[in-house]
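In what follows, chains carry the letters A, B, and so on, assigned in the order in which the sequence lines appear, proteins first and then strands, with residues in each chain numbered from 1.
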Number of protein chains: 2
Amino acid sequence: MSNEPAGEPHWLSDEEQYAWQSYLHATTLLEDHLDRQLQRDAGMPHVYYGLLVQLSRAPRRRLRMTELAQNAKITRSRLSHAVARLEKSGWVRREDCPSDKRGQNAVLTDEGLRVLEKAAPGHVSAVRAAIFDRLSPEQVGQLAAICRTVADGLQPQGADLPWLR
Amino acid sequence: MSNEPAGEPHWLSDEEQYAWQSYLHATTLLEDHLDRQLQRDAGMPHVYYGLLVQLSRAPRRRLRMTELAQNAKITRSRLSHAVARLEKSGWVRREDCPSDKRGQNAVLTDEGLRVLEKAAPGHVSAVRAAIFDRLSPEQVGQLAAICRTVADGLQPQGADLPWLR
DNA sequence: CGCTGATTCTTGAAGTTTTAACCAAGGGTG
DNA sequence: CACCCTTGGTTAAAACTTCAAGAATCAGCG
């Protein structure tokens with residue numbers, strides 16, 4: 001847990017500090033870049049686009065709210081607001097879950113699918129231009145391994161929230 | 001995958017898709033984790049903490065607004081709001097720039113420095129626990145190189161905005 | 001059944017970020 | 001100086017996120 005007595009904080013080494021700074025810059029710039037790209041070309045922020053992608057890959061283009069939130073790594077609350085907005089735009093529709101009366105399914109509408117298919121090529125281009133065109137195949141593998149490791153260390157088993165935190 | 005609107009969308013390969021997904025998960029979870037950690041322990045989001053760090057490293061603990069925004073990779077507008085909030089909290093003070101009457105300096109206050117020094121150990125611990133304790137030294141080097149490359153590809157030379165986009 | 005606690009999802013309010021103007025001061029140029 | 005364009009920074013409004021609370025259903029159990 002958090003043992004930080006008044007002793008020695010154990011700072012980052014120069015290499016670590018450099019890596020951390022680079023990481024922060026890269027992720028900030030990239031997220032910003034993709035957010036603008038999608039806002040301009042598809043009229044929605046990156047996270048919302050990610051939700052449509054998840055839905056498009058799901059069995060009948062629908063997913064339980066909680067499952068969608070887990071896949072996208074966001075809170076249920078955030079998802080609720082997001083789906084409300086996407087519903088207002090007509091890309092997504094809510095649907096009562098037959099098996100559990102508490103549940104809701106988020107369903108990707110036909111129009112949502114069209115918007116997604118229209119935006120996807122440009123988005124992939126942007127991602128490719130920012131990352132995969134600039135990295136060697138070995139680096140892509142390295143990146144995947146590093147991210148897997150970091151993500152695994154932050155997953156569910158947290159404490160008092162169902163799956164996040 | 002599926003159709004191709006005009007020409008060839010050139011989708012991501014399986015390896016690339018996997019890396020991209022892993023990247024999104026890791027960065028989302030990490031940013032979320034650090035935001036909560038700092039909100040809890042220091043009463044501010046991660047970006048604001050980064051601003052205090054920048055200021056603490058600057059010559060007389062002060063920086064021109066634009067320079068600070070560049071260092072932190074955020075827009076001037078966002079910085080304006082952030083500094084307004086930090087000013088309200090007493091961690092930062094504004095100061096007219098003597099050499100350029102349009103300019104403003106953001107100055108880290110003594111209280112701001114205390115808050116920063118108090119929060120730093122816990123934050124470093126969190127970063128270390130999430131990343132550097134889990135990666136090999138080689139991976140740290142790989143991460144830095146990858147992030148450098150990506151960041152360099154997204155830097156200034158954009159078009160209609162001074163330095164961002 | 002009636003109770004209790006957990007799970008699902010939503011909501012309102014407060015805080016943060018984006019977007020698009022906007023103003024004031026610099027820096028030429030003629 | 002008059003003009004015009006750029007730069008530094010702010011602001012209002014809209015969009016988005018977080019936080020805490022709440023309503024409804026489910027599931028176990030006596």
Quiz item: To the nearest angstrom, how far is Gln104(B) atom CD from dT11(D) atom C1'?
Solution: 14 Å

Quiz item: Is Tyr18(A) linked to Val150(B) within one hydrophobic cluster, defined over Ile, Leu, Val, Met, Phe, Trp and Tyr using a side-chain heavy-atom separation of less than 4.5 Å?
Solution: no

Quiz item: Tell me: CZ of Arg40(B) to C1' of dC19(D), nearest whole Å?
Solution: 15 Å

Exercise. Tell me, with the steps shown, if Gln37(B) and Asp41(B) meet side chain to side chain donor-acceptor pair (under 3.5 Å).
Key: CA-CA 6 Å; Gln37(B) 185 266 315; Asp41(B) 297 354; 3.0 Å; yes

Practice problem: Please answer whether the main-chain N or O of Asn71(A) pairs with a side-chain N or O of His25(B) as donor and acceptor at a distance below 3.5 Å. | Solution: yes

Quiz prompt | Gap separating the CG atom of Leu30(B) from the CD1 atom of Ile131(B), nearest 0.5 angstrom | solution = 5.0 Å

Quiz item: Can you check the Asp96(B) CG to dA25(C) C1' distance for me, whole Å?
Solution: 12 Å

Self-check item: Spacing of Glu87(A) atom CD relative to dC16(D) atom C1', expressed in whole Å
Solution: 17 Å

Exercise. Would you mind reading off the distance between Leu86(A) atom CG and dT10(C) atom P, rounded to a whole angstrom?
Key: 13 Å

Practice problem: Starting at atom CG of Leu68(A), determine the distance to atom P of dT10(C), rounded to an integer number of angstrom. | Solution: 11 Å

Quiz item: So does Arg36(B) pair up with Asp32(B), basic N to acidic O under 4.0 Å?
Solution: yes

Quiz prompt | Separation of atom CZ in Arg64(A) from atom C1' in dC26(D), rounded to whole Å | solution = 11 Å

Practice problem: Figure out the CE/C1' separation between Met65(B) and dC23(C), and round it to whole Å. | Solution: 16 Å

Between the protein and nucleotides 11-18 of chain C, which nitrogen or oxygen pairs are less than 3.5 angstrom apart?
unit_1	atom_1	unit_2	atom_2	d
dT11(C)	O4	Ser77(A)	OG	3.0
dG12(C)	O6	His81(A)	NE2	2.9
dT16(C)	OP1	Arg85(B)	NE	3.1
dT16(C)	OP1	Arg85(B)	NH2	3.1
dT17(C)	OP1	Arg78(B)	NE	3.4
dT17(C)	OP1	Arg78(B)	NH2	2.7
dT17(C)	OP2	Tyr48(B)	OH	3.0
dT18(C)	O4	His81(B)	NE2	3.0

Quiz item: Out of dA24(D), dA25(C), dC9(C), which nucleotide sits closest to the side chain of Arg102(B)?
Solution: dA25(C)

Quiz item: With a 3.5 Å cut-off and no angle check, do the side chains of Glu111(A) and Thr109(A) form a donor-acceptor pair?
Solution: no

